[in-house]
Each structure stands twice: as C-alpha cells, then as structure tokens.
Participant: 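Below are the structure tokens for one structure; questions will follow.
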Amino acid sequence: MGGWHSLQLKVLYEVLGWVAFVAWSISFYPQVILNFRRKSVVGLNFDFVILNLTKHSSYLIYNAVLFFSAAVQAQYRHKYGSNQMIPVAANDVAFSSHAVLLTAFTLFQIFIYERKNQRFSKIAIGIVCIIWLSAAVCVFVGIHRHSWLWLINVFNTIQVTMTVIKYVPQAVMNFRLKSTDGFSIGNILLDLLGGVTNYGQMAMQSIDQKSWVNFYGNIGKTLLSLVSIFFDILFIIQHYVLYPASKKKEKLPIQAPSSERS
C-alpha cells in the first residue's frame with residue numbers, strides 16, 4: 001500500500017484539496033440565497049439543476065465507494081499497482097456530498113417557489129432518464145461480474161459527460177446574445193479556483209509518488225478539473241473581453257444646454 005514520502009507535499013495536498021472544497025462549495029449558495037430572498041425561481045434554468053444533480057450524484061457514488069470500499073481499492077491496486085495511493089481524498093467525498101444536498105435543495109425550491117410558466121425541457125428529462133437507465137443496466141452487469149472498479153468508473157464517466165453538457169447551453173447563449181447579462185461571474189471565478197486547486201492537489205500526489213497513475217487512474221477527476229477550467233476561462237473571456245458591459249453602452253450624442261438651443 002502506497003504512502004507519502006514528503007510531509008510537505010502531503011500538507012500541501014490537503015490544503016489544496018480543502019481550498020477546492022471551499023471554493024466549489026461556496027459557489028452553490030448565491031443561487032439558493034437569491035431564490036429564498038425572492039421567493040421565486042424565475043430566471044433559474046431548471047434543466048441545469050436536474051443535469052447538475054445527476055452529475056453530482058454520479059460523482060458522489062464514485063468518490064464514496066472508492067474512498068470507503070476495500071474491495072474496490074483492491075481492484076484499483078491490482079490494476080495500477082499495489083504501491084499506488086487511492087486517488088480520492090476526504091475532501092472529494094465531502095464536496096460531492098455537499099453538492100448533492102445543495103443541488104437537491106435548489107430543486108426543492110423550484111417546486112415551492114414562484115416559477116411562472118418555466119418548466120423542465122423534454123430533452124433534459126430524456127437525458128436524465130437515459131443516463132440512469134443505462135447506469136442501472138451497468139449495475140446489474142457489474143454485480144454479476146464483480147467488476148466493482150469498472151462499475152464506479154461508469155459513474156465517473158457519467159459525471160464527466162454531465163459536466164460538459166451542463167456548461168454548453170450557457171456558453172452558446174452568451175455567444176448568441178453577445179452578452180453575459182444576468183450571468184454571475186463570481187460563481188465562475190470560484191469554480192475556476194476550485195478547478196485549479198483540485199488539479200494542483202492531484203499534481204502534488206503525482207510528484208510525491210513520482211508517477212502519473214494518479215491522473216489516468218482517476219481520469220474522471222482529471223477531466224472534471226480540465227473541463228471546468230476550460231469553460232471557466234471561456235466564460236471569463238466572454239464576460240471581460242468579448243462582451244464586456246462597457247461595449248454595450250451606446251454613446252449618446254452630447255446635447256447642448258436648453259439655453260443654448262433656444
């Protein structure tokens with residue numbers, strides 16, 4: 001069983017992990033607080049909420065099982081080497097649990113607050129149904145073959161896929177409107193901080209172990225960070241460079257005082 005060689009890298013690993021946890025976790029609260037204050041969810045994209053709940057639920061299953069299950073850990077070390085450390089940390093489990101709770105609570109707000117004529121799209125509902133039906137089939141296959149590592153990697157793949165899907169509509173909408181009005185850049189900055197520190201945490205473990213297994217052994221976490229960073233940078237460019245508020249302000253002609261026009 002692998003262990004840490006450097007105490008300094010281990011401490012940095014823990015610090016980066018919990019910074020990622022705090023940054024990503026805080027990013028959930030502005031929407032929840034706004035919904036509560038307004039007693040309304042008008043303007044909130046319902047599809048984003050159910051897609052996000054599917055993403056975080058899948059990620060929680062992956063993190064919790066790999067972190068706590070000795071059987072899955074044994075299969076992981078059998079595949080990648082007995083001296084390899086498990087690539088899931090306590091902060092990963094904590095973040096996933098918190099994310100599921102906050103996203104589920106946001107979904108609860110959708111049903112109790114004013115929403116006017118907004119509703120879930122058939123496409124989003126169809127995606128969620130297909131994802132969970134496919135996951136159910138994989139569960140039966142995994143149980144039959146005792147392929148526990150393969151099974152949790154299925155959920156890891158689901159969370160990566162949902163991460164990509166949930167970002168695309170917002171990016172496309174910003175492009176079509178040539179505007180980021182109503183889009184919270186604060187959430188994106190926190191998400192970027194979480195993605196960078198999460199990636200840095202994995203790098204610390206790889207440096208200590210002198211191995212890149214940590215990255216491809218937990219490809220879902222690697223892609224989660226990279227996809228998040230990619231879209232966060234895209235949103236930042238859209239907000240500050242392509243469609244800044246200053247560009248949308250039309251320059252009004254300077255009018256002379258009424259006394260001079262008379």
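Hydrogens, waters and symmetry mates play no part in the numbers below; they use all other heavy atoms, side chains included. Here the structure is a predicted model, which means the values were calculated and not measured.
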Participant: Measure from the side-chain N and O atoms of Arg115 to the backbone N and O of Ile110, and report whether any donor-acceptor pair falls under 3.5 Å.
Facilitator: yes
Participant: Whether the side chain of Trp24 engages the backbone of Leu190 through a donor-acceptor N/O pair (distance < 3.5 Å, no angle test) should be reported.
Facilitator: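 Absent.
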Participant: Going hydrophobic residue to hydrophobic residue with side-chain gaps under 4.5 angstrom, can you get from Leu9 over to Val15?
Facilitator: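 No, Leu9 does not connect to Val15 through the hydrophobic network.
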Participant: Determine, step by step, whether Tyr76 and Val72 satisfy the side chain to side chain contact (heavy atoms under 4.5 Å, CB included) criterion, reporting the C-alpha distance in whole Å, the side-chain angles of both residues, the deciding distance to 0.1 Å, and the verdict.
Facilitator: CA-CA 6 Å; Tyr76 178 89; Val72 177; 5.6 Å; no
Participant: Show me the donor-acceptor pairs, under 3.5 Å and distance only, between side chains in residues 125-146 and residues at least two apart or in other chains.
Facilitator:
from   : atom 1 : to     : atom 2 : distance (Å)
Trp132 : NE1    : Thr54  : OG1    : 3.4
Ser134 : OG     : Ile130 : O      : 2.8

Participant: Please tell me whether Tyr13 and Ile207 are part of a single hydrophobic cluster in this structure, the criterion being side-chain heavy atoms less than 4.5 Å apart.
Facilitator: yes
Participant: Would you find a donor on one side and an acceptor on the other, under 3.5 Å apart, between the side chain of Asn198 and the backbone of Gly194?
Facilitator: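 A pair under 3.5 Å: no.
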Participant: In terms of the angle between their ring planes, are Phe95 and His56 parallel, tilted or perpendicular, with boundaries placed at 30° and 60°?
Facilitator: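 Plane angle over 60°, so perpendicular.
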Participant: Can you name the nearest heavy-atom pair linking Thr103 to Ala99, along with the distance?
Facilitator: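 Thr103 and Ala99 have their closest heavy atoms at OG1-O, 2.7 Å.
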Participant: Within this structure, what is the OG-CG distance for the pair Ser57 and Asn52, rounded to the nearest 0.5 Å?
Facilitator: 9.5 Å
Participant: In terms of hydrophobic clusters joined by side-chain contacts under 4.5 Å, are Ile112 and Val49 together?
Facilitator: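 Both belong to a single hydrophobic cluster.
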Participant: Nearest 0.5 Å please: distance from the CD1 atom of Ile233 over to the CD1 atom of Ile188.
Facilitator: 11.5 Å
Participant: Between Leu12 and Leu7, is there a shared hydrophobic cluster once you connect ILVMFWY residues whose side-chain heavy atoms come closer than 4.5 Å?
Facilitator: no
Participant: Side-chain contact test, heavy atoms from C-beta onward, threshold under 4.5 Å: evaluate it for Trp148 versus Ser69 and give yes or no.
Facilitator: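 When only atoms from C-beta onward are counted, Ser69 and Trp148 do not touch, as no gap falls below 4.5 Å.
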Participant: I need the single residue from Ser97, Ser96, Ser58 that forms a side chain to side chain donor-acceptor pair (under 3.5 Å) with Asn63. Which is it?
Facilitator: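 Running side chain to side chain donor-acceptor pair (under 3.5 Å) over Ser97, Ser96, Ser58 with Asn63 returns exactly one hit, Ser96.
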Participant: Would you say the side chain of Phe36 lies within less than 4.5 Å of the side chain of Gln109, judging by non-hydrogen atoms?
Facilitator: yes
Participant: Let me check something: do Val41 and Leu107 share a hydrophobic cluster, defined by ILVMFWY side-chain heavy atoms less than 4.5 Å apart, either directly or through other members?
Facilitator: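 Looking at the clustering, Leu107 is in the same group as Val41.
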Participant: Could you give the distance from CZ (Phe155) to CD1 (Ile61), rounded to the nearest 0.5 Å?
Facilitator: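 One gets 4.0 Å once the value is rounded to the nearest 0.5 Å.
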Participant: Excluding sequence neighbours, so at least two apart, what forms ring pair (Phe, Tyr, Trp, His ring centres under 6.0 Å) with Phe120?
Facilitator: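 Here the qualifying residues are Phe46.
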Participant: Does the side chain of Lys79 come within less than 4.5 Å of Trp150's, by heavy atoms?
Facilitator: no
Participant: How many angstroms lie between atom CE of Met202 and atom OG1 of Thr197, to the nearest 0.5 angstrom?
Facilitator: 12.5 Å
Participant: Which heavy-atom pair separates Tyr62 from Ile152 by the least distance, and what is that distance?
Facilitator: CD1-O, 3.2 Å
Participant: How many angstroms lie between atom CG of Asn156 and atom CG of Leu151, to the nearest 0.5 angstrom?
Facilitator: 11.5 Å
Participant: Using every non-hydrogen atom in the two residues, find where Gln75 and Leu149 come nearest and quote the distance to one decimal.
Facilitator: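 Distance-wise, the nearest heavy atoms are OE1-N, 2.9 Å.
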Participant: Run the side chain to side chain contact (heavy atoms under 4.5 Å, CB included) check on Phe68 and Val93 step by step: do they pass?
Facilitator: CA-CA 10 Å; Phe68 291 110; Val93 180; 4.1 Å; yes
Participant: Should we count CD1 of Ile123 as having more than 12 external heavy atoms under 6.0 Å?
Facilitator: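 No.
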Participant: Nearest heavy-atom pair of Ala90 and Phe67: which atoms, and what distance?
Facilitator: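 In terms of heavy atoms, the two residues are closest at N-CE1, 3.6 Å.
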Participant: Would you check if Leu189 and Leu193 make a side-chain contact, meaning some heavy-atom pair closer than 4.5 Å?
Facilitator: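 Leu189 does not reach Leu193 side chain to side chain.
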Participant: If you count heavy atoms of other groups shown closer than 6.0 angstrom to NZ of Lys122, is the number above 12?
Facilitator: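 Incorrect, the count does not exceed 12.
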Participant: For Tyr243 and Phe175, what are the C-alpha separation, side-chain angles and deciding distance, and is it a side chain to side chain contact (heavy atoms under 4.5 Å, CB included)?
Facilitator: CA-CA 9 Å; Tyr243 321 124; Phe175 173 76; 3.5 Å; yes
Participant: Ignoring hydrogens, what is the shortest heavy-atom contact between Asp47 and Ser121? Give both atom names and the distance.
Facilitator: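 Heavy-atom minimum between the residues: OD2-OG, 2.7 Å.
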Participant: Compare all side-chain heavy atoms of Phe21 with those of Asp92 and state whether any distance is below 4.5 angstrom.
Facilitator: no
Participant: Say whether, by atom type as modelled, one donor and one acceptor occur between the side chain of Asn91 and the main chain of Trp18 under 3.5 angstrom.
Facilitator: no
Participant: Can you find a pair of side-chain heavy atoms, one from Arg77 and one from Ile86, that are under 4.5 Å apart?
Facilitator: yes
Participant: Are the side chains of Lys55 and Lys166 in touch, meaning some heavy atoms are under 4.5 Å apart?
Facilitator: yes
Participant: Working to the nearest 0.5 Å, report the span between CD of Gln73 and NE2 of His78.
Facilitator: 15.5 Å
Participant: Is any side-chain heavy atom of Met162 less than 4.5 Å from a side-chain heavy atom of Ile165?
Facilitator: yes
Participant: Would you sort out whether Leu102 and Tyr29 count as a side chain to side chain contact (heavy atoms under 4.5 Å, CB included), showing the intermediate values?
Facilitator: CA-CA 8 Å; Leu102 264 292; Tyr29 285 93; 3.9 Å; yes
